[in-house]
Colleague: 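One structure coming up, written as C-alpha cells, with questions to follow.
In listed order, ligands and their atoms are each counted from 1.
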Amino acid sequence: MAEKITVGHVHMSGCTGCLVSLADNYEGLLTILDKYADLVYGLTLVDVRHIPKMDVALVEGSVCIQDKCSVDEIKETREKATVVVAVGGCACYGNITRFGRGGQPNQPQHESYLPVGDLIKVDVYIPGCAPCPQLIRNVCVMAYLLLKGNQEQQELAKKYLTPLMQLAERGTEACGCDLMYDVVNQGLCMGCGSCAAACPVRAITHEYGKPNVNREMCIKCGACYAQCPRSFFNFDVITEFEGISELIKGALQ
Ligand code: SF4
Ligand code: SF4
C-alpha cells in the first residue's frame, strides 16, 4: 500500500461542528487514519502548535479580517497545503458569520468575516451546515487516490472531485436565492424537492411544485444549491454510483 497522505484541520471562525461531522464517520474515520491519512495538525485533536506542511488542509470557519492571527494563519495554510478544502458553509460562503457586524465585548472591532476563498485560492468546497459526514469522508478517500493512487484511481478521483472544485470556482456567495437565479430562472427546476430537504433551517417550502425561499430564515450555507441535481450533475460519476459506492465501502473495510 502506498504511504499515507498528511491531513490537517485548520480551525478559523467556526463552531467545530464540521470537525464533529468528520468524527461522525465513527469507525470509518479510524480506518481512514489507520490506512490512508495521518492527522498532522488540528488544535482540537493534535498537540502541534504550528501549521506544518501537509497534503490536504480541511479548513473550517470563515476569517475575521480584524484578527491578524487568523489572516496570517489562513495565508500560511495556503502556503503549506497542496490541496485546500473549505469544509462547511462558513469556510465556503461565510454562512452565519455573514451576519456578524461587531460591537460586542470584548473585541467590538471584530466585525468583518470573509469566506476563506476571499483571501486565498480554495481547491475544493464541501458546503453544508453541518456538512455531511459521508461527503467529508469521500473527499478524504478521493484525495488519497488522487495523490497516491494509480492512473485509473487518479482519473476517478478527479471525476469525483470536479463538481466540488467547480463549486469553489463559482464563488464565495450563497443564498437560497441561488435556486431562483441559477435553477428556476434558467428553466432547469424539475420540482424534485432536494433543496428543501437539504436546508438545515427549513427556509424552503414547495409551492405549486417549485421551491419558495424564506429569505429571513436563510443562513447562507449553500447546501440547497449544492444539493440541487440541476446545479452540478456530473453524469460521469453519478452513472457509476454503485461502483464508486462499492469502492469507497471496500476502501473503508
Ligand atoms: S433541488 Fe433544484 S430541481 Fe429540485 S426543486 Fe430544488 S431547485 Fe428545483
Ligand atoms: S435556503 Fe437553506 S440551504 Fe439554502 S442557503 Fe439558505 S439556509 Fe442554506
Side-chain angles (χ1 to χ4, degrees), residues 12-22 24 58-63 85-101 112-119 122 124-139 160 162-239 241:
M12 307 305 297
S13 294
C15 69
T16 326
C18 298
L19 185 64
V20 171
S21 254
L22 171 65
D24 276 347
L58 302 172
V59 181
E60 166 173 356
S62 60
V63 186
V85 182
V87 184
C90 294
C92 298
Y93 299 116
N95 210 342
I96 199 75
T97 66
R98 282 288 191 194
F99 300 91
R101 54 184 191 277
S112 314
Y113 294 81
L114 292 176
V116 174
D118 282 353
L119 287 106
V122 176
V124 175
Y125 271 12
I126 302 179
C129 181
C132 161
Q134 290 84 354
L135 184 54
I136 309 175
R137 173 200 74 185
N138 291 0
V139 167
Y160 185 91
T162 294
L164 300 174
M165 291 164 78
Q166 287 174 338
L167 268 183
E169 281 166 17
R170 181 171 173 266
T172 57
E173 286 180 31
C175 172
C177 308
D178 294 344
L179 299 174
M180 297 301 135
Y181 301 144
D182 292 349
V183 187
V184 179
N185 292 172
Q186 307 299 323
L188 294 170
C189 177
M190 57 182 177
C192 67
S194 302
C195 50
C199 180
V201 293
R202 301 195 177 174
I204 305 173
T205 51
H206 263 240
E207 286 164 32
Y208 303 106
K210 292 286 150 72
N212 189 32
V213 179
N214 181 341
R215 294 191 205 180
E216 293 281 303
M217 290 173 72
C218 172
I219 56 167
K220 304 195 182 298
C221 71
C224 52
Y225 182 74
Q227 196 70 26
C228 170
R230 289 296 172 91
S231 56
F232 295 96
F233 195 90
N234 188 340
F235 276 97
D236 286 354
V237 172
I238 306 257
T239 51
F241 173 76

Colleague: Mark yes or no for whether Ser21, through its side chain, and Pro131, through its backbone, hold a donor-acceptor pair below 3.5 Å.
Modeller: yes
Colleague: Show the atoms of ligand 1 that are less than 4.0 angstrom away from any heavy atom in Gly193.
Modeller: 4 (Fe), 5 (S)
Colleague: What residue and heavy atom of the protein are closest to atom 4 (Fe) of ligand 2, and at what distance?
Modeller: Cys224 SG, 2.3 Å
Colleague: If we set the cut-off at 4.0 Å for heavy atoms, which region of Val201 has an atom near ligand 2: side chain, backbone, both, or neither?
Modeller: side chain
Colleague: Can you sort out which atoms of ligand 1 are near Gly191, meaning under 4.0 Å from one of its heavy atoms?
Modeller: 5 (S), 8 (Fe)
Colleague: Which of the atoms of ligand 1 are close to Ser194, meaning less than 4.0 Å from one of its heavy atoms?
Modeller: 1 (S)
Colleague: Looking at ligand 1, is there an atom of it that comes within less than 4.0 Å of some heavy atom belonging to His206?
Modeller: yes
Colleague: Report yes or no: is the cationic atom of Arg170 (NZ for Lys, CZ for Arg) under 6.0 Å from the centre of the six-membered ring of Tyr125, at an angle within 45° of the ring normal?
Modeller: no
Colleague: Using a 4.0 Å cut-off to any heavy atom of Cys192, which atoms of ligand 1 qualify?
Modeller: 1 (S), 3 (S), 4 (Fe), 5 (S)
Colleague: What is the nearest protein non-hydrogen atom to atom 8 (Fe) of ligand 2, stated with its residue, atom name and distance?
Modeller: Cys221 SG, 2.4 Å
Colleague: Would Gly89 count as a contact of ligand 2 if the rule is a heavy atom under 4.0 Å away?
Modeller: no
Colleague: Quick one: does Ala174 get a heavy atom under 4.0 Å from ligand 2?
Modeller: no
Colleague: Specify the protein heavy atom at minimum distance from atom 1 (S) of ligand 2: its residue, its atom name, and the distance to 0.1 Å.
Modeller: Gly176 CA, 3.6 Å
Colleague: Within a distance under 4.0 Å of any heavy atom of Cys189, pick out the atoms of ligand 1 and give their elements.
Modeller: 3 (S), 5 (S), 7 (S), 8 (Fe)
Colleague: In terms of residue, atom name and distance, what is the protein heavy atom nearest to atom 7 (S) of ligand 2?
Modeller: Ile219 N, 3.3 Å
Colleague: Is it the side chain, the backbone, both or neither of Leu179 that has a heavy atom closer than 4.0 Å to ligand 2?
Modeller: neither
Colleague: Using a 4.0 Å heavy-atom threshold (strictly under), name the region of Pro200 that reaches ligand 2: side chain, backbone, both or neither.
Modeller: side chain
Colleague: Only heavy atoms of Pro229, strictly under 4.0 Å: list the atoms of ligand 1 that pass.
Modeller: 1 (S)
Colleague: Is atom 2 (Fe) of ligand 2 less than 2.8 Å from at least one N/O/S atom of Cys218?
Modeller: no
